[in-house]
Colleague: 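Right, I'll just put the structure down here and ask away after.
Residue numbers start at 1 and run along the sequence shown. As a basis for the values below, the full set of heavy atoms in this structure was taken, side chains included, without hydrogen atoms, waters or symmetry mates.
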Amino acid sequence: MSTPAAEGLLDVVRDWGVNRLFACPGSTEAAVLDALVTRKDVELILTTHEGVAVSMADGLARVTRKPSVAYLHANVGLTNGLSHLYAAQLAYSPVVVLNGIKASSIQAREGFTTGRRMRDLVHQYVKSDWQSLTTQGVPEDVNRAFRTAVSEPAGPVWVGLSQDLLESPEQVQVPDVHGYQFDSRTTPSGTAVQAAVELLRRAERPVLVAGSELARVGAVEDLVRLSEQLAAPVLHEDRRGYERPGFPTDHANFRGKYQAGHPLVRGADLLVFLGARVFNEFEPPTVRPLPDGVPVIHSHTDPRHVAMIYGVDAGLVGDQQLTIQALAAALPPAADRTLPLAPVAEPRTPSTSGALTASDVIDVITESLRGVALVGDATTAGRILQERAHQHTGDDYFVSTSGSLGWGMGAALGVQMGMPHRRVAAVLGDGVFQFGMPALWSAARSGLPVTYVVMNNERYAAVGAALRRFGGVAVERNDFPGVDIAGPNIAAISTGFGVPGQRVDTLADLRECLAAARAVDHPTLVEVMTDPTHFGS
């Protein structure tokens, strides 16, 4: 017989509109698993690794813009899920992490799979962390977690649930979740908006920088209208902070991505960052990323990011859609300026060296998968993919800035669940594949028609690139330790999991495989062998 606390927990999950529970369970989750036997309103999505559970929940939350649930097992399961939880945090993804932990009576005794400081373990990756103290408090604590996760700025939360609390026969009261659902968006003050408007009125060469936050809150079309109203060019945010497109790449006002050396940045008399991080630093900068003396407007939903590193002339804190609408309403209907011409792109010629280059492969992928939602998780080729992928809406391209390899394999499945009407493909590196491989089991079990494209250069190329930048003995001797990961036949491994895989080493075969993948209703994998000597940058 299912226990009241487990049933109450699932009632809260259901009432928040969540009908899937991503989990790699253990013995501490027995009461919840038992309750799921007879329930039809919440489906268990079984995974074979906690990282996959979290990344699938994250992908689903990103595309639906609604909360999702990952149920992790004990301290070991939580630890396995933390790297992808970090990805969810950076994306403001409302993932509710429920963590089954051992019975209260043995936690203080350092029993099997217990952790002395579980909340400390997860604290830095979530908005809120709480361990339920009583059986009666379980539904209330989970309900509060949902409210916290979706309140802006949104983000993941954690609730620890002791085994003894969920297995208790005590009756519990389930809160009415409707009283906890409200519009939490905020707008900048009128004074802040007016300060930004005055800067925009005076500017002759403003440049707008579209951040990933615009896509998350559905403000891409609002920025399109504002850019047209201002006759201003738009750049995507710096690639180190980029998570998804904040502006269509096929719009006449689009001018590429933000770089300190971009001609429009160098010539700007006002920079307007909307929903972007300024900046997500990869290494200590050797060149100041902002031009000296140029005024800056910075707007973000999360106040932590405004003026975090560089001071601003106008700071706007609030929902980015409401903020852009407020700016547009306060500005003249049309600006008296001419939009700078877009540079003419030089035609690219395929390499003739024999081995496939990342550039050639990305060209074929973006051409063959036009209209497919792409999930990028290719460390070395990611920059090229971001530049060339067709991005008309905020749901055309997803990537993580967490550095958590393997995220894209599970996230693509979650994105596909959230967009069943569209095809989804994940573009991966071979190193990424080895981190995220357990997602193949979930892909095969679900039957979701995700296409995995693995670019296999048999290297941790990013490590090689770092050694080259360092310029030490490794470069002098042309000996790069920590780089060679050759060996696995990725296509064969995928086939073994139940996801048909094929290895190719020509662009013609790649085109053929991608065309075939679009015609089937199940997951597939294409392994593309690329130049192992190219480390990228």
Side-chain angles (χ1 to χ4, degrees), residues 2-3 6-7 9-10 12-14 16 18-61 63-64 67-85 87-88 93 95-101 113 142 156 158-159 161 163 166-167 375 406-418 420 424 426 433 435-450 452 493-499 521-523 525:
S2 297
T3 62
E7 293 286 359
L9 180 154
L10 293 172
V12 172
V13 169
R14 174 204 61 202
W16 274 93
V18 174
N19 59 8
R20 297 181 178 96
L21 193 153
F22 300 93
C24 178
S27 58
T28 58
E29 290 74 60
V32 174
L33 296 174
D34 186 72
L36 287 168
V37 172
T38 56
R39 296 188 71 121
K40 305 300 181 185
D41 49 4
V42 179
E43 177 187 6
L44 175 68
I45 306 296
L46 185 62
T47 72
T48 57
H49 192 278
E50 291 84 0
V52 177
V54 173
S55 59
M56 287 181 72
D58 180 18
L60 178 63
V63 73
T64 62
S68 62
V69 175
Y71 209 129
L72 306 185
H73 170 63
N75 63 331
V76 289
L78 176 61
T79 303
N80 281 344
L82 283 182
S83 62
H84 294 339
L85 186 60
S93 191
V95 176
V96 176
V97 175
L98 304 179
N99 194 181
I101 56 182
T113 63
V142 174
W158 177 88
V159 182
L161 300 167
Q163 184 176 354
L166 290 176
E167 294 181 357
V375 176
W407 167 87
M409 294 192 69
L413 298 173
V415 170
Q416 182 70 83
M417 286 180 173
V424 175
F433 174 84
F435 275 76
M437 186 168 52
L440 290 175
W441 184 91
S442 298
R445 170 64 68 92
S446 68
L448 293 166
V450 170
Y452 291 108
I493 293 169
S494 179
T495 301
F497 270 96
V499 176
D521 61 355
H522 59 75
L525 181 143

Colleague: Quick check for you: to the nearest 0.5 Å, what is the distance between Lys40 atom NZ and Arg14 atom CZ?
Modeller: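 These two atoms lie 15.0 Å from each other.
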Colleague: What residue pairs, at least two apart or across chains, pass side chain to side chain donor-acceptor pair (under 3.5 Å) with a residue in residues 47-57?
Modeller: Glu50-Asn80
Colleague: Name the atoms and distances for all side-chain donor-acceptor pairs under 3.5 Å in residues 18-28, with sequence neighbours left out.
Modeller:
unit_1: Ser27; atom_1: OG; unit_2: Lys102; atom_2: NZ; d: 3.4
unit_1: Thr28; atom_1: OG1; unit_2: His73; atom_2: ND1; d: 3.1
unit_1: Thr28; atom_1: OG1; unit_2: Gly100; atom_2: O; d: 3.4

Colleague: For Trp158, give me all partners under ring-ring contact (aromatic ring centres under 6.0 Å, His included), at least two apart in sequence or on another chain.
Modeller: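 ring-ring contact (aromatic ring centres under 6.0 Å, His included) list for Trp158, sorted by chain: empty.
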Colleague: How many angstroms lie between CG in Leu33 and CG in Leu46, if you round to the nearest 0.5 Å?
Modeller: 9.0 Å
Colleague: Rounded to the nearest 0.5 Å, what's the gap from CG on Leu440 to CG on Leu525? Could you check?
Modeller: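 Here the rounded value is 6.5 Å.
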Colleague: Go through the structure and list residues passing side-chain contact (heavy atoms from CB on, under 4.5 Å) with Pro523, not counting sequence neighbours.
Modeller: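 Pro523 satisfies side-chain contact (heavy atoms from CB on, under 4.5 Å) with Ala443, Val499 only.
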Colleague: List the residues meeting side chain to side chain donor-acceptor pair (under 3.5 Å) with Ser93, not counting sequence neighbours, and say none if there are none.
Modeller: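 By the side chain to side chain donor-acceptor pair (under 3.5 Å) rule, Ser93 matches Asp58.
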Colleague: Out of curiosity, Leu36 CG to Tyr71 OH, how far, rounded to the nearest 0.5 Å?
Modeller: 9.5 Å
Colleague: Please assess Leu98 against Leu9 for the test side chain to side chain contact (heavy atoms under 4.5 Å, CB included), listing each intermediate value before the final yes or no.
Modeller: CA-CA 10 Å; Leu98 304 179; Leu9 180 154; 3.9 Å; yes
Colleague: Sequence neighbours left out, what passes salt bridge (charged side-chain N to carboxylate O under 4.0 Å, His left out) with Arg445? Give chain and number order.
Modeller: none
Colleague: Show the nearest heavy-atom pair for residues Thr79 and Asn75, with the distance to one decimal.
Modeller: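 For Thr79 versus Asn75, the nearest heavy atoms are OG1-O, 2.8 Å.
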Colleague: Restricting to non-hydrogen atoms, name the atom on Gln416 and the atom on Val450 that form the minimum distance, rounded to 0.1 Å.
Modeller: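 Where Gln416 meets Val450 most closely, the heavy atoms are CB-CG2, 3.7 Å.
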Colleague: I need the minimum non-hydrogen distance between Asp521 and Pro449, along with the two atoms involved.
Modeller: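 Taking Asp521 first and Pro449 second, the nearest heavy atoms are C-CB, 3.9 Å.
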Colleague: Would you compute the distance between atom OG of Ser442 and atom CD1 of Ile45 and round it to the nearest 0.5 angstrom?
Modeller: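 Here the interatomic distance stands at 9.0 Å.
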Colleague: Identify which one of Leu72, Thr113, Ile101, Val54 satisfies the side chain to side chain contact (heavy atoms under 4.5 Å, CB included) criterion when paired with Leu78.
Modeller: Leu72
Colleague: Write down the atom of Pro67, the atom of Trp16, and the distance for their closest heavy-atom approach.
Modeller: CG-O, 4.3 Å
Colleague: If you round to the nearest 0.5 Å, how far is CD of Glu43 from CG of Asp41?
Modeller: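 Answer for the CG-CD pair, Asp41 versus Glu43, is 11.5 Å.
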Colleague: Might you point out which heavy atoms bring Ala31 and Glu167 nearest each other, and give the distance in Å?
Modeller: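 Shortest heavy-atom contact: CB-CG, 3.9 Å.
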Colleague: Please report the closest heavy-atom contact between Ala57 and Ala70, naming both atoms and the distance.
Modeller: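 Minimum heavy-atom separation between Ala57 and Ala70: CB-CB, 4.2 Å.
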